[in-house]
Protein chains: 4
Amino acid sequence: MVGIKHAPRPAAAETELRPRARRKAQRPQQILHAAFEEFVERGYTATRIEDVAARAGVTKGTIYLYFQNKEELFQDVVRKLSQPVFDEKQFLEQHHHRSCEELVRIYLDTLYEHMTVNLYSREILRFLIAEGRNFPVIVSAHFDEFVKPLLTMFDHILQKGVHEGVFEIWAEDHLSQILISPALTYAIDTLLGADTNLPELKVYVNTHYEMVMRTIRKSTI
Amino acid sequence: MVGIKHAPRPAAAETELRPRARRKAQRPQQILHAAFEEFVERGYTATRIEDVAARAGVTKGTIYLYFQNKEELFQDVVRKLSQPVFDEKQFLEQHHHRSCEELVRIYLDTLYEHMTVNLYSREILRFLIAEGRNFPVIVSAHFDEFVKPLLTMFDHILQKGVHEGVFEIWAEDHLSQILISPALTYAIDTLLGADTNLPELKVYVNTHYEMVMRTIRKSTI
Amino acid sequence: MVGIKHAPRPAAAETELRPRARRKAQRPQQILHAAFEEFVERGYTATRIEDVAARAGVTKGTIYLYFQNKEELFQDVVRKLSQPVFDEKQFLEQHHHRSCEELVRIYLDTLYEHMTVNLYSREILRFLIAEGRNFPVIVSAHFDEFVKPLLTMFDHILQKGVHEGVFEIWAEDHLSQILISPALTYAIDTLLGADTNLPELKVYVNTHYEMVMRTIRKSTI
Amino acid sequence: MVGIKHAPRPAAAETELRPRARRKAQRPQQILHAAFEEFVERGYTATRIEDVAARAGVTKGTIYLYFQNKEELFQDVVRKLSQPVFDEKQFLEQHHHRSCEELVRIYLDTLYEHMTVNLYSREILRFLIAEGRNFPVIVSAHFDEFVKPLLTMFDHILQKGVHEGVFEIWAEDHLSQILISPALTYAIDTLLGADTNLPELKVYVNTHYEMVMRTIRKSTI
DNA sequence: GATGAATGAGGATTCATTCAT
DNA sequence: AATGAATGAATCCTCATTCAT
């Protein structure tokens, strides 16, 4: 009987840890996600620690066991919940048999899909714009870690195209940035909740792709 | 002729008022600008009415003589300090002798100059992204009043070009939006204070212009 | 022409004063009445000087020309707008041919009518109860000037009745106060806005009168 | 027997709680009483939450843990600190052997004693008169819960007397209200702090009682 | 480790009062 | 005499943070 008193030991599902320890190990993640959602819904200042706690299923005090303070929590949310759109190496390997034009297309499709599906990216963009002034460090960290790789990768595709004689890089600077811009426009439109004005995605991407190709395709006269 | 050179004496409006009345007439503007600057520096929530007052050279109470409350003040800042980039009619008249390609170039130059010179536009964009969730009305009002005309006008230039046989509109939708996107990217980059990553404007505009032309110029084979 | 420029001199209607002077002379009264009404509607603290001013048709500043401050204004309202229910001398002369029983009846009728018709009395009672703590002087002044005479006068009627052998004063003290009490109850009920519970006045007065008579009428066995 | 002498150990409710929980359990009462006293001394508007807190030995914030806001606090004070004068059933059982005349006397004695001893009743009456305009709900709630039962109970005594042939109800309506009125007068006088004019209670009650009896005692000729 | 009661600094807003015009 | 713009003290309420349990 004594043994039965205790809840049966759960199958060590995800980790080897005891339930208590496991629960503890998950706390920070739970809290980060809860915080993210609250920050998304209300913005930094309007978000109350207590609401984050409630959403995470803990209480105020617990938040402070894992995070110094609200500011720290916010920064951690941005840092830890940002997800790279691509893993460049993997992307190139996965699509190594594709033509450069196809790579551009897949790149764009992936990018837009990421933005559509992945709440995080979009909302973190909002955070950065809204609160960036007060958190300059995470802004540039985010830029380095997530935006720059995006641009670099597009650059690589362009270069590959040049190398293969299908693309033409006629400008010295900023070309990738300019060519990808429409995706940012789309993201901002979404952020502004301009639902009415939101373009139909498929058509939008087609046009975007066409714009890119017309711009860089090497004329083969 | 000499006489005519001077602007016509302003209607008794401002100058002839007694000092007190004149001061009063200026208050709302003073406050709006002070508020704008505080909102820019701190964001909506972090801005204290008392700071706005101090910056405007008045005291707390005075703010409330002219604005219902903080929210109202914020909305008025956005509403009243937004400035249209173009007056389309005037723009077209002024440049009626230009070719369509030149019109596109002037359009872009004007747009970027506006963004560079005009603090307001840029920061109001930040407001809209940061606080838009809480002020949906001004977001859509702003879109209708300032963004939509911008797009429409670009559309008109494109159509003119098509009419004259120099441009080709090969997409049914969103073309203008996509073609102008790089300007938004530039604005956002500025907002993010990515000073390091900020492109040299002249080169950036050139590239943007070239992108547009490559995209829409009718091939004349 | 010069003469016509000025507004025609209004006929010296109520006083010999010039219009301007007359207007000035009326100001304090106007303000007192406006203040009274505001105090009635909102209570002392919730009444704003500006509202009083607006109701009096002047501006804030003007109030302070005639009254030291809000407190002073309140006290003046209570002092100057209280109106005696009876002029005892006149009352007795007017009804000298009546029997004592009739005098009691007329006394009660007058009292209730005063309370019903005369907003002031009722509301000033509320002031006294609500704010009396903070204005002890006017409470006792009011008591001496308005309540005491009321009781005294009833006493006199009783004594007259005793003298004429129709009434019997069987208690040494407080008899008048007790016999008049139902009128106070009625006033309070009105104040509490207990409209639902408010008795039909005529019936109520009848019962009150009957109570009084049964209490003091000399049995004539 | 010794053991039994002690009151049965109170249900774990209060005593067995850990100190923290116990303190929490008492907070609302502490605050209510502190608030009551402040409201009594200053009136609703002039009372500052911070003063209530200080008197309750807590800080501002704590008040808001237990009460939504100042208004709510006020209403709760009125609601929860009002105490019925009688428990009718108990009163009648306790005095079932008394004559109806004695019942009337005891009723009055109890009523006056309640008013004298029980600060709350008196001051809550002041609240209702002073602030009733702004809290109509609690006025009528209070009337239904505390005043009406008082009248009803007096009615019942009268009816009992009629049944036993000693009283005569000669008026259809409002009789109880009128007969009890002097008690209200007494309460108001106390409220007005008319200490000078305050009757000596014993004499006053005697006269009141005599008035009632002369009014309703069935003549036994 | 977790809790949640308590704190108290901080900020929006109101309004009696002043005073230059 | 009258105005009404401006002031700033006063007060409600919120919420990040602490800490005894």
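First the proteins, then the strands, lettered A, B, ... as listed; each starts at 1.
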Taking atom [atom2] of [N] as reference, at what distance in whole Å does atom [atom1] of [X] sit?
| X | N | atom1 | atom2 | value |
| --- | --- | --- | --- | --- |
| C:Lys60 | E:dT17 | NZ | P | 12 Å |
| A:Arg42 | F:dT14 | CZ | C1' | 14 Å |
| A:Glu38 | F:dA16 | CD | P | 11 Å |
| D:Tyr44 | F:dT11 | OH | C1' | 12 Å |
| C:Arg48 | E:dT17 | CZ | P | 14 Å |
| D:Gln30 | E:dA6 | CD | C1' | 13 Å |
| A:Leu65 | E:dA2 | CG | P | 6 Å |
| C:Phe67 | E:dA16 | CZ | P | 15 Å |

C:His142 (side chain) donor-acceptor with C:Ile138 (main chain) under 3.5 angstrom: no

Smallest separation among heavy atoms of C:Gln30 and C:Ala56, with atom names: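 Taking C:Gln30 first and C:Ala56 second, the nearest heavy atoms are OE1-O, 3.3 Å.
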
Residue mapping more 5' on DNA chain E - nearest nucleotide basis, B:Lys70 or D:Thr62: D:Thr62

Whichever of D:Gly61 and B:Ile49 has its nearest DNA chain E nucleotide further upstream toward 5':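 Upstream on the strand: D:Gly61.
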
Which nucleotide wins on minimum distance to the side chain of [X], given the candidates [options]?
| X | options | result |
| --- | --- | --- |
| C:Asn69 | E:dT17, F:dT3, E:dT7 | E:dT17 |
| C:Tyr66 | F:dT17, F:dA1, E:dA12 | F:dA1 |
| D:Val58 | F:dC13, F:dG8, E:dT7 | E:dT7 |

F:dA5 pairs with, by Watson-Crick or G-U criteria that keep both distances under 3.5 Å: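 Paired with E:dT18.
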
Touch class at under 4.0 angstrom, heavy-atom based, for B:Thr45 against every strand present: nothing

Qualifying residues under side chain to side chain contact (heavy atoms under 4.5 Å, CB included), relative to D:Glu71, sequence neighbours excluded: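 D:Glu71: side chain to side chain contact (heavy atoms under 4.5 Å, CB included) contacts with D:Tyr44, D:Asn69, D:Gln75, D:Phe135.
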
Charged N-O contact under 4.0 Å between A:Glu41 and A:Arg55: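 Yes.
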
5' priority, DNA chain F, between D:Ala46 and B:Gly57 [closest heavy atom]: B:Gly57

Whether C:Phe74 and C:Phe39 hold their rings parallel, tilted or perpendicular, with breakpoints at 30° and 60°: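 Perpendicular.
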
